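Worksheet: one structure, shown below.
What you are looking at is a predicted structure, and each value in this text was computed from that prediction instead of being measured. We count residues from 1, following the sequence as given.
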Amino acid sequence: MNKHKRLEIFQRLRADNPTPTTELNYNNPFELLIAVILSAQATDVGVNKATAKLYPVANTPEAIYSLGVPGLSEYIKTIGLFNSKARNVIETCRLLVENHGSQVPANREALEALPGVGRKTANVVLNTAFGHSAMAVDTHIFRVSNRTGIAKGKNVREVEDKLMKHVPKDFLIDAHHWLILHGRYVCKARTPQCGSCRIEDLCEYPRKTSD
């Protein structure tokens with residue numbers, strides 16, 4: 001895909017949604033961090049239901065840590081892998097209190113040192129909470145990038161690197177959200193809704209549907 005097509009794609013996505021953001025509910029970087037850790041192999045809707053009960057009771061590292069693994073598990077037991085996630089969250093809260101003054105660090109190395117925080121989670125927090133140019137490639141972004149031709153790659157890191165290189169700089173901050181939403185609601189895994197897609201004429205997918 002050439003740079004002119006990419007530019008037009010992101011211009012249209014911005015025109016349709018000027019201020020995109022995550023569908024996870026949060027009020028501060030810490031709440032976002034915990035929600036993203038919980039969202040691994042889970043839906044945003046499911047995470048939001050759990051945090052809607054958890055955060056009014058505990059939404060600081062100290063408060064969640066005081067719940068302990070059993071206490072936290074009661075709030076998040078509707079989420080897949082809740083036992084291991086509870087252990088990771090409790091340990092993350094301890095490290096935030098002891099090493100970071102109870103604040104979420106705004107750099108990749110420190111974030112990835114926290115239990116349950118890999119590169120994708122760190123990218124979400126860096127981008128959404130701190131406004132860094134970062135690309136958290138999930139299954140939606142991986143699919144959309146390869147299917148459309150925006151950034152083809154054999155693995156997540158390859159797609160991430162190509163997106164960071166080829167997405168026009170003016171769109172980098174919000175590109176992560178536009179691509180996720182496009183994959184979630186339009187360019188779906190089994191049956192892409194090509195007939196109602198705003199970028200169908202720019203997309204290089206050879207097997208488009210009539211929708």
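Every residue meeting the salt bridge (Lys or Arg N to Asp or Glu O under 4.0 Å) condition with Lys5, not counting sequence neighbours, appears here in chain and number order: Glu204. Considering only residues two or more places apart in sequence or on other chains, Glu62 meets the salt bridge (Lys or Arg N to Asp or Glu O under 4.0 Å) condition with none of them. Applying the salt bridge (Lys or Arg N to Asp or Glu O under 4.0 Å) rule to Arg157 yields the partners Asp161; only residues at least two apart in sequence or on another chain are considered. In this view, Arg94 and Glu91, Glu98 satisfy the side-chain hydrogen bond (donor to acceptor under 3.5 Å, both in side chains) rule, not counting sequence neighbours. In this structure, the side-chain hydrogen bond (donor to acceptor under 3.5 Å, both in side chains) partners of Arg143, at least two apart in sequence or on a different chain, are His140. Shown here are the side-chain contact (heavy atoms from CB on, under 4.5 Å) partners of Glu31, two or more places apart in sequence or in another chain: Tyr26, Asn27, Asn28, Tyr55, Asn59. The salt bridge (Lys or Arg N to Asp or Glu O under 4.0 Å) search around Lys49 returns none, not counting sequence neighbours.
Between Ser133 and Ile173, some side-chain heavy-atom pair lies under the 4.5 Å cut-off. Proximity of Val186 to Arg198: side-chain heavy atoms (C-beta onward) are nowhere separated by under 4.5 Å. Residues Asn123 and His176 are not in side-chain contact: their nearest non-hydrogen atoms beyond the backbone lie 4.5 Å or more apart. Using a 4.5 Å heavy-atom threshold, the side chains of Val36 and Thr22 count as separate. A heavy-atom distance below 4.5 Å is found between the side chains of Leu54 and Ile64. Here the side chains of Cys93 and Thr60 are not in contact, with every heavy-atom distance at 4.5 Å or above.
For His100 against Ala110, the heavy-atom pair with the smallest separation is CE1-CB, 3.9 Å. The two residues Asp174 and Pro20 make their nearest non-hydrogen contact at CB-CG, 3.7 Å. Heavy-atom minimum distance, Gly153 versus Asn146: N-OD1, 2.9 Å. The nearest pair of heavy atoms linking Ala151 to Lys162 is CB-CB, 3.8 Å. Summarising the geometry of Asn127 relative to His132, their closest heavy-atom pair is ND2-O, 3.1 Å, with the distance given to 0.1 Å. Closest approach of Thr209 and Pro192 over heavy atoms only: OG1-O, 2.6 Å.
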Yes or no on side-chain contact (heavy atoms from CB on, under 4.5 Å) for Leu96 and Leu33, after CA distance, side-chain angles and deciding distance? CA-CA 11 Å; Leu96 288 176; Leu33 172 63; 4.1 Å; yes
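We find that Asp170 and Arg14 are not joined by a salt bridge, their nearest charged nitrogen and carboxylate oxygen being 4.0 Å or further apart.
In the hydrophobic clustering of this structure, Leu81 does not group with Val89; members are Ile, Leu, Val, Met, Phe, Trp, Tyr whose side-chain heavy atoms approach within less than 4.5 Å, directly or through other members. No continuous path of hydrophobic side-chain contacts links Val124 to Leu181 [ILVMFWY only; heavy atoms under 4.5 Å]. Phe130 and Leu24 fall within a single hydrophobic cluster, where Ile, Leu, Val, Met, Phe, Trp and Tyr are joined by side-chain heavy atoms under 4.5 Å apart, directly or via other members.
Between the CZ atom in Arg207 and the CZ atom in Arg147 there is a gap of 8.5 Å [rounded to 0.5 Å]. In this structure, the separation between NE2 on His166 and CZ on Arg6 is 5.0 Å, given to the nearest 0.5 Å. Between Glu200 atom CD and Arg12 atom CZ the span is 10.0 Å, to the nearest 0.5 Å. Interatomic distance, Asn88 CG to Ile37 CD1, rounded to the nearest 0.5 Å: 7.0 Å. The CD1 atom of Ile79 sits 7.5 Å away from atom OG1 of Thr51, with the distance rounded to the nearest 0.5 Å.
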Quick one: side chains of residues 65-73, donor-acceptor pairs under 3.5 Å with protein atoms, not counting sequence neighbours, listed by atom name and distance.
from, atom 1, to, atom 2, distance (Å)
Ser66, OG, Ala63, O, 2.6
Ser73, OG, Val69, O, 2.7

Considering only distance and modelled atom types, tabulate donor-acceptor pairs under 3.5 Å from the side chains of residues 111-121, sequence neighbours left out.
from, atom 1, to, atom 2, distance (Å)
Arg119, NE, Glu160, OE1, 2.9
Arg119, NE, Glu160, OE2, 3.0
Arg119, NH2, Glu160, OE2, 2.8

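Here Tyr205 is tied to no hydrophobic group at all, with no ILVMFWY side chain closer than 4.5 Å. Other members of the hydrophobic cluster containing Leu172, listed by chain and number, are Met1, Leu7, Ile9, Phe10, Leu13, Met135, Val137, Ile141, Phe142, Val144, Ile150, Val156, Val159, Leu163, Met164, Val167, Phe171, Trp178, Leu179, Ile180, Ile199, Leu202; membership follows side-chain contacts under 4.5 Å among ILVMFWY residues, whether direct or relayed.
The closest donor-acceptor contact from the side chain of Asn25 to the backbone of Asn48 lies at 3.5 Å or more, if one exists at all.
Sorted by first and then second residue, the side chain to side chain donor-acceptor pair (under 3.5 Å) pairs with a member in residues 75-86 read Glu74-Lys77; sequence neighbours excluded.
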